[in-house]
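Here's the structure, in structure tokens; my notes come after.
We name chains A, B, ... by the order of the sequence lines, and we start the count at 1 in each one.
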Amino acid sequence: DAGVIQSPRHEVTEMGQEVTLRCKPISGHNSLFWYRQTMMRGLELLIYFNNNVPIDDSGMPEDRFSAKMPNASFSTLKIQPSEPRDSAVYFCASRRTTGNTIYFGEGSWLTVV
Amino acid sequence: GIQVEQSPPDLILQEGANSTLRCNFSDSVNNLQWFHQNPWGQLINLFYIPSGTKQNGRLSATTVATERYSLLYISSSQTTDSGVYFCAVGTGRRALTFGSGTRLQVQP
């Protein structure tokens, strides 16, 4: 099985631009998570989907962030407009219906200048 | 929410040494996982261990759920063990809450 696939792996963008991060979960997994990792705050949950429905979005920083999961095999995390403080590694992870182990993608390294 | 504390925050070992990493959590959980983040940033599952003891090669983990802690043992450490070790906990089918990690450096 292919793992969780994220794109882009690296992105450098200018402040004010829109950023879209993409994630393909492992086939058969029905839970999807977006996490953000920074030096200051560590790994923090942004949003969690179950069966394509957002269950917990309490970690989404503000209205500039939005996430969607239009189908079981695709999710996006969008930042509009981006700010330098959004610079971080954004991880997508998935978990199957009957399992407990969460599997992470390789992350999207975002730099906003 | 659940608080997760890991210790020590940093650890430097000579190759071949053994180490114990600790994870304390503030509430009852039914999901606990240990991850290794390698120097390239990848988060690799080590153990799913909400209770009991498991071993995988040179690594083993023990969780005492009633006392709200988990231990990760690394024996005969190698330079490839370097990186950050995270403990993450959860309840029900919720997302995991991560500790701040233990940064391990194994020197040759």
Side-chain angles (χ1 to χ4, degrees), chain A residues 1 3-6 8-10 23 25-26 29-51 53-60 67 69 75 87-111, chain B residues 1-10 21 23-26 28-52 54 56 59 61 63 65 70 72 83-104:
Chain A
D1 266 345
V4 176
I5 299 172
Q6 294 187 243
R9 290 295 316 281
H10 299 271
C23 176
I26 295 172
H29 285 200
N30 75 326
S31 295
L32 184 141
F33 310 86
W34 284 100
Y35 282 86
R36 178 172 67 176
Q37 186 176 33
T38 60
M39 289 294 292
M40 291 295 293
R41 300 175 66 90
L43 272 159
E44 51 182 349
L45 177 73
L46 297 177
I47 188 168
Y48 155 39
F49 292 88
N50 193 54
N51 292 324
V53 176
I55 302 300
D56 180 0
D57 65 354
S58 59
M60 295 288 266
M69 192 164 185
S75 177
S87 298
V89 184
Y90 290 82
F91 286 100
C92 178
S94 70
R95 179 181 65 196
R96 63 179 177 169
T97 310
T98 55
N100 293 296
T101 303
I102 292 178
Y103 297 90
F104 280 81
E106 294 188 329
S108 291
W109 297 63
L110 174 66
T111 302
Chain B
I2 296 175
Q3 304 299 310
V4 185
E5 293 184 0
Q6 292 188 241
S7 60
D10 296 280
L21 283 57
C23 171
N24 292 330
F25 43 96
S26 62
S28 299
V29 300
N30 63 357
N31 191 340
L32 189 148
Q33 292 181 228
W34 283 96
F35 294 87
H36 174 220
Q37 187 167 37
N38 64 24
W40 296 270
Q42 291 178 298
L43 280 160
I44 309 297
N45 284 293
L46 297 177
F47 294 102
Y48 164 72
I49 186 165
S51 63
K54 288 186 178 179
N56 184 3
L59 273 59
T63 297
S70 184
L72 178 69
V84 183
Y85 290 80
F86 289 101
C87 169
V89 303
T91 58
R93 299 294 289 168
R94 294 174 179 269
L96 296 178
T97 299
F98 280 75
S100 56
T102 292
R103 184 174 300 275
L104 174 65

Test item: side-chain donor near acceptor, B:Gln37 and A:Gln37, under 3.5 Å: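 Yes - a donor-acceptor pair under 3.5 Å links their side chains.
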Modelled atom types, side-chain donor and acceptor of A:Asp56 and A:Tyr48, under 3.5 Å: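 Their side chains do not contain a donor-acceptor pair, so the 3.5 Å distance test is not met.
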Using non-hydrogen atoms only, which part of [X] is less than 4.5 Å away from chain B: side chain, backbone, both, or neither?
X        : result
A:Leu45  : side chain
A:Tyr103 : both
A:Arg41  : neither

Selection from B:Phe35, B:Phe86, B:Tyr48 maximising heavy-atom pairs under 4.5 Å formed with chain A: B:Tyr48
Ring center gap for A:Phe104 and A:Tyr35 short of 6.0 angstrom: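 Aromatic pair counts; centres sit under 6.0 Å.
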Distance (rounded to the nearest 0.5 Å) between A:Phe33 CZ and A:Cys23 SG: 11.0 Å
